Amino acid sequence: MKFSSRLQEVKRVHWHMVRKLINAKEAQGVKTISLASGNPDLPTPPTIVEAACQALRDPTYHRYPFSFQTRYGEAVASWYRERFDVNLNPATEVRPLAGSQEGIGNIALTVMEPGAIALITAPAYDSYARATRFAGGEAYLLPLQAENDFLPDLKAIPKDALERTRLLWLNYPNNPTGAVAPLSFFEEVVDFARRNDIWVCHDNAYSDVSFDGYKAPSFLAVDGAKEVGIELNTLSKAFNMAGWRLGMAVGHPELLDALSFVSFNTSMGLFGPSQIAAIEALTTDQSWMLERNERYRKRRDILVDGLRAIGLELQRPRATLYVWAKLPPAFSDSLEFSKWVLDQTGVWITSGIFFGPAGEGYVRASITLPADDLSEAMERLQTLKL
Ligand SMILES: Cc1ncc(COP(=O)(O)O)c(C=O)c1O
C-alpha cells in the first residue's frame with residue numbers, strides 16, 4: 001500500500017519536534033514557558049457564546065447549514081463596511097470558510113498546477129508554501145528585510161518567473177515579522193497583479209490585533225483590488241474564536257465561486273450555531289476589542305523590553321500576536337539558539353527557520369500568555385550569558 005508522492009514533497013511542520021523538546025525538559029522537573037503559540041488565550045465574549053448556546057437548542061441548526069449561510073454573508077458584508085469601509089455584495093463577494101486555513105489550502109488547489117509559480121513572501125506563515133506544493137505548484141520566495149520594512153520588492157522578480165506565476169500570497173499585518181503594510185503598497189500590488197495577470201490572495205488574519213492606535217486596512221480598500229483577487233479573514237484572532245473555525249474569503253466573485261466549488265469537495269459548510277455566533281460577533285458592538293488589545297499591548301511591551309535587555313535587536317510591532325527579534329551576534333543558527341535557551345532557562349522561543357530559510361537569524365515570541373508568565377520568561381532570559 002502506498003501514500004501519495006505529494007506527502008514526500010512537502011516538509012512536515014516542526015511543531016511536533018517542539019512538543020518533544022518541551023516534554024523532555026518538563027521530564028527533568030522544569031516548569032517550561034512556551035512562547036510559541038499563535039492561539040489566543042483569552043475567552044470568546046459571553047454574548048457571542050450565548051448566541052451559539054441558544055442556536056444549539058434550535059433544530060433548524062441541526063440540519064445541513066446552507067439555508068442560513070446568506071445571513072453569514074450579510075454579517076461579513078456589514079463588518080467589512082463598518083470596519084474597513086469596503087462594500088461587498090454578500091451573495092457574490094463573500095464565502096464562509098472554516099477558518100482562513102481552509103481558504104489557504106483551497107485557493108492553492110483552485111489556481112495552482114504543476115509548472116505554475118506562487119510568489120510567497122519569506123519568511124512567512126508556513127501554510128502558503130505547503131498549500132502551493134500540495135497543489136503541485138512551485139514557490140518563488142520574495143525576501144522580506146528589516147531595511148525595507150518587511151515589504152517585498154515586486155520589481156525584483158525576474159520576467160521568466162513572472163510568466164509562470166499564477167498567485168501572489170500576502171499577509172499584513174504579517175506573521176512572523178509583525179510588520180504592517182501601507183495602502184500605497186496595496187496600490188502597487190494591484191497595479192503589479194493587473195500588469196502581470198496574477199491573482200492576489202491577501203491573508204488579513206491579524207487585522208484586529210493592533211496597538212498604539214494603529215488600524216490595519218483591508219487589501220480590498222484599494223481601487224481595483226477586487227478585480228485581481230481576494231482577501232481571507234478570520235474570527236480566530238480578532239474575536240478570540242480560534243476554536244470555532246470561522247473565517248471568510250471576500251472579493252473577486254468568479255474566484256470565490258471556483259473556491260467554493262473546490263471547498264465543497266471536503267466541506268459542507270459551517271456548523272449552524274457557530275455561524276450564529278459569528279453573526280453576533282460581526283454585527284454587534286466590538287469596543288471590547290480595545291481593552292483586549294490594550295492587554296496584548298502590555299504583553300508585547302514585556303517581550304520587547306525583555307528581549308532588548310538581553311541584547312536582541314527588534315522593532316516594536318504595531319500589530320499581530322508576535323515579536324520578531326534578531327539573534328544575538330554570537331549566534332547564527334536559530335534552532336540551536338532556541339534549543340540552548342530552552343535548555344538553560346526552560347523558555348521556548350520559536351526559531352525563525354520554522355518560517356522558511358529566510359527566517360534564519362531570527363526568533364519569534366508570542367504574546368498569547370498572561371503577563372505574569374511573560375515577565376517570568378523574560379526574567380529567566382536575563383540569566384543567559386550571551
Ligand atoms: C497568517 C495566518 N493565516 C492564517 C492562520 C490560520 O488562521 P485560522 O484560525 O483562521 O484558520 C494563521 C494562524 O496562526 C496565521 O498566522
Side-chain angles (χ1 to χ4, degrees), residues 3-11 13 64-70 72-73 75-77 80 88-120 124-140 164-171 193 196-205 218-220 225-236 242 244-272 274-275 278:
F3 290 106
S4 159
S5 53
R6 209 175 279 125
L7 295 185
Q8 267 79 58
E9 283 163 26
V10 180
K11 269 211 189 141
V13 272
Y64 283 117
F66 311 125
S67 58
F68 36 93
Q69 217 143 269
T70 319
Y72 186 89
V76 170
Y80 259 73
L88 297 169
N89 178 335
T92 58
E93 295 179 330
V94 180
R95 292 284 179 244
L97 295 174
S100 31
Q101 192 78 352
E102 181 196 342
I104 296 172
N106 286 337
I107 201 70
L109 290 174
T110 306
V111 302
M112 298 305 294
E113 63 189 10
I117 284 178
L119 304 172
I120 306 180
Y125 181 54
D126 56 0
S127 292
Y128 311 131
R130 206 171 40 251
T132 300
R133 295 295 292 138
F134 269 137
E138 293 166 34
Y140 183 93
R164 288 200 289 131
T165 298
R166 290 273 176 96
L167 176 64
L168 166 63
W169 295 102
L170 290 174
N171 161 229
N196 295 291
D197 199 20
I198 291 170
W199 291 116
V200 178
C201 180
H202 179 245
D203 178 359
N204 209 354
S218 163
F219 170 63
L220 299 187
K226 264 193 226 173
E227 289 150 36
V228 295
I230 59 168
E231 177 158 280
L232 306 179
N233 214 318
T234 172
L235 280 79
S236 294
W244 299 72
R245 311 310 302 133
L246 288 162
M248 65 207 73
V250 293
H252 196 289
E254 284 86 29
L255 183 55
L256 291 181
D257 197 44
L259 172 65
S260 298
F261 180 63
V262 173
S263 278
F264 194 66
N265 207 29
T266 50
S267 134
M268 303 271 266
L270 311 176
F271 181 46
S274 297
Q275 290 197 46

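Predicted, not measured: the structure shown is a model, and the values here were computed from it.
The minimum heavy-atom distance between Thr110 and Ala258, with the atom names listed, is CG2-CB, 3.6 Å. Taking all atoms of both residues into account, the shortest heavy-atom contact from Ala108 to Ala135 is O-CB, 3.5 Å. In this structure, Gly105 and Ala131 approach most closely via the heavy-atom pair CA-CB, 4.0 Å. Nearest heavy-atom pair across Gly137 and Met112 is CA-CE, 4.0 Å. Annotation for Gly272 and Pro65: closest pair N-CB, 4.4 Å, computed over non-hydrogen atoms. Here the shortest heavy-atom pairing between Ser127 and Gln101 reads OG-NE2, 2.9 Å.
Under the 4.5 Å side-chain criterion, counting only non-hydrogen atoms from C-beta, Glu138 is in contact with Ile117. Within the 4.5 Å cutoff, no side-chain heavy atoms of Asp257 are placed close to those of Phe261. The closest side-chain heavy-atom distance from Leu246 to Tyr72 is below 4.5 Å. Using a 4.5 Å heavy-atom cutoff, the side chains of Ile104 and Asp203 are in contact.
A distance of 6.5 Å separates CG in Leu220 from CG in Leu88, rounded to the nearest 0.5 Å. Going from atom OH of Tyr125 over to atom CG of Asn171 covers 9.5 Å, rounded to the nearest 0.5 Å. Interatomic distance, CG of Leu235 versus OG of Ser100, reported as 10.0 Å (0.5 Å rounding). In this structure, CG on Leu168 lies 7.0 Å from CD1 on Ile198, to the nearest 0.5 angstrom. Atom-to-atom distance recorded for Leu7:CG and Arg133:CZ is 12.0 Å, nearest 0.5 angstrom. Rounding to the nearest 0.5 angstrom, the gap separating the CD atom in Glu231 from the NZ atom in Lys226 is 11.5 Å.
Aromatic ring pairs are classed by plane angle as parallel below 30°, tilted from 30° to 60° and perpendicular above 60°; the pair Phe219 and His202 is tilted. Between Tyr64 and Phe66, the ring planes lie parallel to each other; the angle is under 30°, not in the 30° to 60° tilted range.
In Asp197, the CG atom is not crowded: 12 or fewer heavy atoms of neighbouring residues, nucleotides or ligands sit closer than 6.0 Å. Annotation for Arg6: atom CZ does not count as buried by contact number, only 12 or fewer foreign heavy atoms lying within 6.0 Å.
Just one residue in the list Leu167, Ile230, Val228 forms a side-chain contact (heavy atoms from CB on, under 4.5 Å) with Val200, and that residue is Val228. Looking at Gln69, Glu102, Met248 one by one, the single match for side-chain contact (heavy atoms from CB on, under 4.5 Å) with Pro96 turns out to be Gln69. Partner of Ile107 under the side-chain contact (heavy atoms from CB on, under 4.5 Å) criterion, out of Leu232, Leu255, Leu256: Leu255 alone.
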For Phe264 and Leu259: C-alpha separation, side-chain torsions, deciding distance, then whether side chain to side chain contact (heavy atoms under 4.5 Å, CB included) applies. CA-CA 9 Å; Phe264 194 66; Leu259 172 65; over 6 Å; no
Where do Thr132 and Trp169 land on the side-chain hydrogen bond (donor to acceptor under 3.5 Å, both in side chains) test, with the steps shown first? CA-CA 10 Å; Thr132 300; Trp169 295 102; 3.2 Å; yes
When you look at Tyr80 and Val250, which way does the side chain to side chain contact (heavy atoms under 4.5 Å, CB included) test go after all the steps? CA-CA 9 Å; Tyr80 259 73; Val250 293; 3.8 Å; yes
